[in-house]
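One structure below.
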Amino acid sequence: MGINSEQLLSHIENAKQGMQASFSFLLDTFWNDVYQFQLRRTQNDFEAEEITIKSFSSAFDKIDSFNPEYSFRSWLLAISKNAHIDQIRKQKNKWQIATQAQENSMANTVLDHAPTPEDQLITKQNLAELLLHIKQLKPHYQEMIQLRYFQEMSYKEMTEELNEPMNNIKVKLLRAKKLLLTSLNAAKK
């Protein structure tokens, strides 16, 4: 890894003080480690990504309990392992509750890919280009960008709208912004 332990410990301490830039640094630095760990466990991109988000959310909730005498990466992976176990338990419960009628209803749902009226009103090229890049993101990241920047919702409002913990919202939004920036930068090259 390209970071030294002093730099890492400094960011961990700053995160304990609530500094958003340090949370972002930790997310960027360890995202691939946790994601790859979950991908090996789940063999499913979407599931690995969801558990990775939950892992970071949980880690950021518990950052004050991190002991710097231990490896941050190992601590994070232990949290991620537990998040995966929790996910398996929840899935078992959902599978037991699911009915054939629900499955049929979901199978008959037709997705509408037509542009929204808002999309049709967009005339500025840079905004249209930005929207193209947003649409390349996975749907849950599109939703994060849409709610935060187009509907101008606060984190609290997004938490209520999506019925998710605030740290999940923050982690998903951080990740969405990073992926969008990467996409925009790649297009400029």
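Any value given below was found using the heavy atoms of this structure, including those in side chains, with hydrogens, waters and symmetry copies removed.
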Do any N or O atoms from the side chain of [X] and from the backbone of [Y] form a donor-acceptor pair under 3.5 angstrom?
X      : Y      : result
Ser183 : Leu179 : no
Thr42  : Gln38  : yes
Asn44  : Glu47  : yes
Gln151 : Arg148 : no
Ser58  : Ser55  : no

Considering only NZ, NE, NH1 and NH2 on the basic side and carboxylate oxygens on the acidic side, decide whether [X] and [Y] come within less than 4.0 Å.
X      : Y      : result
Lys172 : Glu143 : no
Lys156 : Glu160 : yes
Asp33  : Arg73  : yes

Determine, step by step, whether Glu157 and Ser154 satisfy the side-chain contact (heavy atoms from CB on, under 4.5 Å) criterion, reporting the C-alpha distance in whole Å, the side-chain angles of both residues, the deciding distance to 0.1 Å, and the verdict. CA-CA 5 Å; Glu157 291 169 328; Ser154 68; 3.3 Å; yes

Just do the side-chain contact (heavy atoms from CB on, under 4.5 Å) check on Ser24 and Gln20 with the steps written out, would you? CA-CA 6 Å; Ser24 188; Gln20 194 63 36; 5.7 Å; no

Ignoring hydrogens and geometry beyond distance, is a side-chain donor-acceptor pair present between [X] and [Y] at under 3.5 Å?
X      : Y      : value
Tyr141 : Gln146 : no
Glu164 : Thr159 : no
Asn167 : Tyr155 : no
Gln87  : Lys54  : yes

What orientation do [X] and [Y] show, parallel under 30°, tilted 30 to 60°, or perpendicular over 60°?
X      : Y     : result
His140 : Phe46 : perpendicular
Trp75  : Phe72 : tilted
His11  : Phe25 : parallel

Against Met144, only a single residue in Ile169, Val171, Leu137 fulfils side chain to side chain contact (heavy atoms under 4.5 Å, CB included); can you say which? Ile169

Check Asn168 against Ser57 and note the closest heavy-atom contact, atom names and distance. OD1-OG, 2.6 Å

For atom NZ of Lys81, is the number of surrounding heavy atoms from other residues, nucleotides or ligands below 6.0 Å larger than 12? no

Determine whether Tyr35 and Ile53 satisfy the following criterion, side-chain contact (heavy atoms from CB on, under 4.5 Å), listing intermediate values before the conclusion. CA-CA 9 Å; Tyr35 176 75; Ile53 288 167; over 6 Å; no

